[in-house]
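What you see is a predicted model, and the numbers here were worked out from it, not measured in a lab. Both counts, for ligands and for their atoms, begin at 1 and track the order of listing.
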Amino acid sequence: MTNATAASDVRVRFCPSPTGNPHVGLVRTALFNWAYARHTGGTMVFRIEDTDAARDSEESYQQLLDAMRWLGLDWDEGPEVGGPHAPYRQSERTEIYADVARRLLESGHAYRCYCTAEELDKRREAARRENRPSGYDGACRDLTPEQVAAYEAEGRTSIVRFRMPDEPITFTDLVRGELTFAPEHVSDYGIVRANGAALYTLVNPVDDALMEITHVLRGEDLLSSTPRQIALYRALAELGVGAGHTPVFAHLPYVMGEGNKKLSKRDPESSLNLYRERGFLPEGLLNYLSLLGWSISEDRDIFSVDELVAAFDVRDVNANPARFDLKKCEAINATHLRELPVADFAAACAPWLQAPYAPWSPENFDQAGFDALAPLAQTRLTVLSDITANVDFLFLDEPVEDQKSWQKAMKPGADALLRTAGEKLALSGWTADELKAAVLAAGEEHGLKLGKAQAPVRVAVTGRTVGLPLFESLEVLGRERTLARIDAALAKLSG
Ligand code: GLU
Ligand code: ZN
């Protein structure tokens with residue numbers, strides 16, 4: 001998959017930390033990077049930021065890879081495919097970071113800070129009380145060798161801090177335009193822990209530099225770290241680490257959930273696994289997620305991944321917060337379901353026709369019966385997992401018992417109607433049209449319109465008040481089983 005023939009110099013990266021389950025915010029970031037790489041003919045780098053041993057997990061790493069594969073977001077460099085800047089897992093690059101940290105210290109771009117957490121807290125509080133900026137105050141910026149020796153003699157440990165320049169940092173964000181950060185608001189920051197472990201603040205820009213990343217597309221929550229990173233890229237360029245240029249930034253807008261709060265990874269509707277289990281199509285989900293901050297045109301919100309790639313330019317991303325609307329996400333998925341060739345739709349249903357989803361015994365499953373129902377189901381499903389309840393009447397020995405449906409449909413008089421319907425169905429030809437005529441005639445005898453007459457029949461046969469078109473369903477179920485279920489319902493009603 002290595003993109004040896006990349007048609008442009010654009011190099012983007014998707015660089016999640018493997019903590020927890022993949023969530024929709026992460027997928028939106030991956031998607032925009034991927035779409036931009038594919039749109040420009042550039043290169044998609046997938047990097048794993050696993051420098052926090054306490055929080056990272058192998059399981060989460062595997063889930064990330066699995067999620068990307070399921071979504072169809074392929075990468076040109078990264079885990080399992082390799083590439084010229086391998087390894088792409090930061091846990092395997094510790095020596096690189098140690099070396100860069102050493103060079104930053106030697107060149108004076110970074111320094112050792114011996115302040116204890118308590119000292120920092122105290123000074124921060126004091127600064128707040130006096131309305132001064134509360135970032136690091138630079139106490140260790142210019143320690144003399146004697147001061148350092150004294151601290152070391154005391155047995156203090158030190159972290160490495162990056163020295164921010166004293167002038168403002170200005171950059172043009174592709175989404176937000178020109179931004180300027182004053183030096184008093186961006187203080188010197190830690191890049192290596194006291195135990196020698198490099199922090200995200202160091203390894204992320206170092207790898208961007210080494211991997212020659214040209215465009216950084218990421219969530220707006222990271223905007224405040226951008227001036228720090230830009231200063232670090234410049235220092236790296238001076239030291240000859242990496243490509244020597246600072247990437248262009250594009251900060252993707254916040255995604256808001258219920259009640260106008262930022263969608264959090266802990267919100268249930270943000271879990272990617274949930275969408276997979278419910279049976280969203282990758283196409284449908286990607287279509288919806290691409291609308292979180294972007295649009296293909298004013299009057300259109302349904303499109304394929306290919307159309308997205310053809311149209312996507314990060315410059316068109318909107319800076320305003322985007323609203324996550326589950327209903328709309330479902331509606332878009334439903335549209336994609338309808339657009340599948342019916343054979344593809346039927347194939348996509350397969351996981352939900354088996355354990356652990358299917359309540360019937362596997363030997364009861366009948367492919368021809370399912371294939372007959374599939375076109376009926378295709379126009380009605382929102383998500384693929386809905387298929388199970390729509391077809392279970394065909395594969396269960398007896399229909400499910402749904403108390404609510406039963407109470408709703410089996411009102412006084414239902415037994416008389418069912419008896420007549422059973423008699424007429426027994427004599428009817430077995431096509432949907434003839435079955436409909438039979439139930440219609442039964443209804444007429446009892447002064448009921450078709451809708452009212454068919455409700456008890458539907459509940460007797462499928463167990464539920466809602467489902468696929470009834471007469472087509474009966475046609476597939478067959479005479480014998482249909483009549484037996486009506487008899488069983490009558491016995492239950494009289495019992
Ligand atoms: N590993 C970082 C995160 O998960 C990536 C940030 C970035 O894209 O620069 O937030
Ligand atoms: Zn200090």
Side-chain angles (χ1 to χ4, degrees), residues 11-23 25-34 36 44-52 55-56 60-61 64 67 78 88-91 93 110-124 127 135-144 147-148 150-152 154 156-164 173 175 187-194 198-209 211 213-230 232-233 246-252 254 264-265 314:
R11 291 177 58 85
V12 296
R13 86 299 200 265
F14 173 54
C15 54
S17 298
T19 59
N21 301 327
H23 58 95
L26 205 65
V27 175
R28 199 259 321 244
T29 299
L31 173 62
F32 281 22
N33 277 285
W34 178 85
Y36 192 56
M44 169 82 169
V45 177
F46 185 13
R47 179 171 84 220
I48 304 293
E49 305 218 311
D50 54 350
T51 49
D52 187 348
R55 296 180 59 225
D56 301 329
S60 173
Y61 164 73
L64 280 167
Y88 291 89
R89 288 185 78 166
Q90 291 184 328
S91 57
R93 300 171 63 82
Y111 58 90
R112 294 198 169 275
C113 165
Y114 291 88
C115 301
T116 64
E118 296 77 56
E119 288 168 342
L120 292 172
D121 279 350
K122 243 191 182 155
R123 273 147 44 200
R124 196 179 304 121
Y136 182 68
D137 57 6
C140 302
R141 267 194 152 196
D142 301 299
L143 296 178
T144 62
Q147 287 171 305
V148 170
Y151 278 148
E152 298 270 350
E154 271 180 49
R156 288 191 183 225
T157 57
S158 62
I159 67 163
V160 178
R161 263 186 210 283
F162 184 75
R163 188 189 304 271
M164 284 296 293
D173 186 285
V175 175
S187 51
D188 298 350
Y189 60 98
I191 55 175
V192 180
R193 285 205 175 93
L199 287 163
Y200 157 76
T201 50
L202 175 67
V203 298
N204 176 280
V206 164
D207 280 347
D208 286 347
M211 296 177 182
I213 299 304
T214 60
H215 292 74
V216 169
L217 280 51
R218 61 182 185 178
E220 190 175 326
D221 51 319
L222 293 159
L223 183 59
S224 62
S225 69
T226 304
R228 297 169 159 192
Q229 296 195 339
I230 286 177
L232 180 48
Y233 292 117
T246 300
V248 177
F249 284 83
H251 288 91
L252 310 175
Y254 283 118
S264 128
K265 2 181 183 195
V314 65

Is it true that Arg13 and Asp207 make a salt bridge, defined as a side-chain N closer than 4.0 Å to a carboxylate O? no
Protein heavy-atom partner closest to atom 1 (N) of ligand 1 - residue, atom, separation in Å: Glu49 OE1, 2.6 Å
Quick one: do Arg156 and Glu119 make a salt bridge, cutoff under 4.0 Å? yes
Which residue and heavy atom of the protein sit nearest atom 10 (O) of ligand 1, plus the separation: Leu222 CD1, 4.1 Å
Which heavy-atom pair separates Ser17 from Glu49 by the least distance, and what is that distance? OG-O, 3.2 Å
Would you please test Val216 and Tyr233 for side-chain contact (heavy atoms from CB on, under 4.5 Å) and show each step? CA-CA 13 Å; Val216 169; Tyr233 292 117; 4.3 Å; yes
Any Lys/Arg nitrogen of Asp142 or Arg163 sitting under 4.0 Å from an Asp/Glu carboxylate oxygen of the other? yes
Mind checking whether Thr29 contacts ligand 1 via backbone (N, CA, C, O), side chain (CB onward), both or neither, at a 4.0 Å heavy-atom cut-off? neither
Near Ser17, which atoms of ligand 1 are under 4.0 Å from a heavy atom of that residue? 1 (N), 4 (O)
Could you check atom 8 (O) of ligand 1 against the protein and tell me its nearest heavy-atom contact, residue, atom and distance included? Arg13 NH1, 2.8 Å
Please note down the angle at the Zn ion (ligand 2) between SG of Cys140 and SG of Cys115, to the nearest 10°. 100°
What angle sits at the Zn ion (ligand 2) between SG of Cys113 and OH of Tyr136, to 10°? 100°
Close N or O approach (Cys15, ligand 1; < 3.5 Å): yes
Assess Arg47 against Phe14: is NZ or CZ under 6.0 Å from the centre of the six-membered ring, and within 45 degrees of the ring's axis? no
What I want to find out is whether Arg161 reaches Asp188 closely enough, with some N-O distance under 4.0 Å, to be called a salt bridge. no
Does Tyr200 have a heavy atom less than 4.0 Å from any atom of ligand 1? yes
For ligand 1, does Asn204 get within less than 4.0 Å through its side chain, its backbone, both, or neither, judged by non-hydrogen atoms? side chain
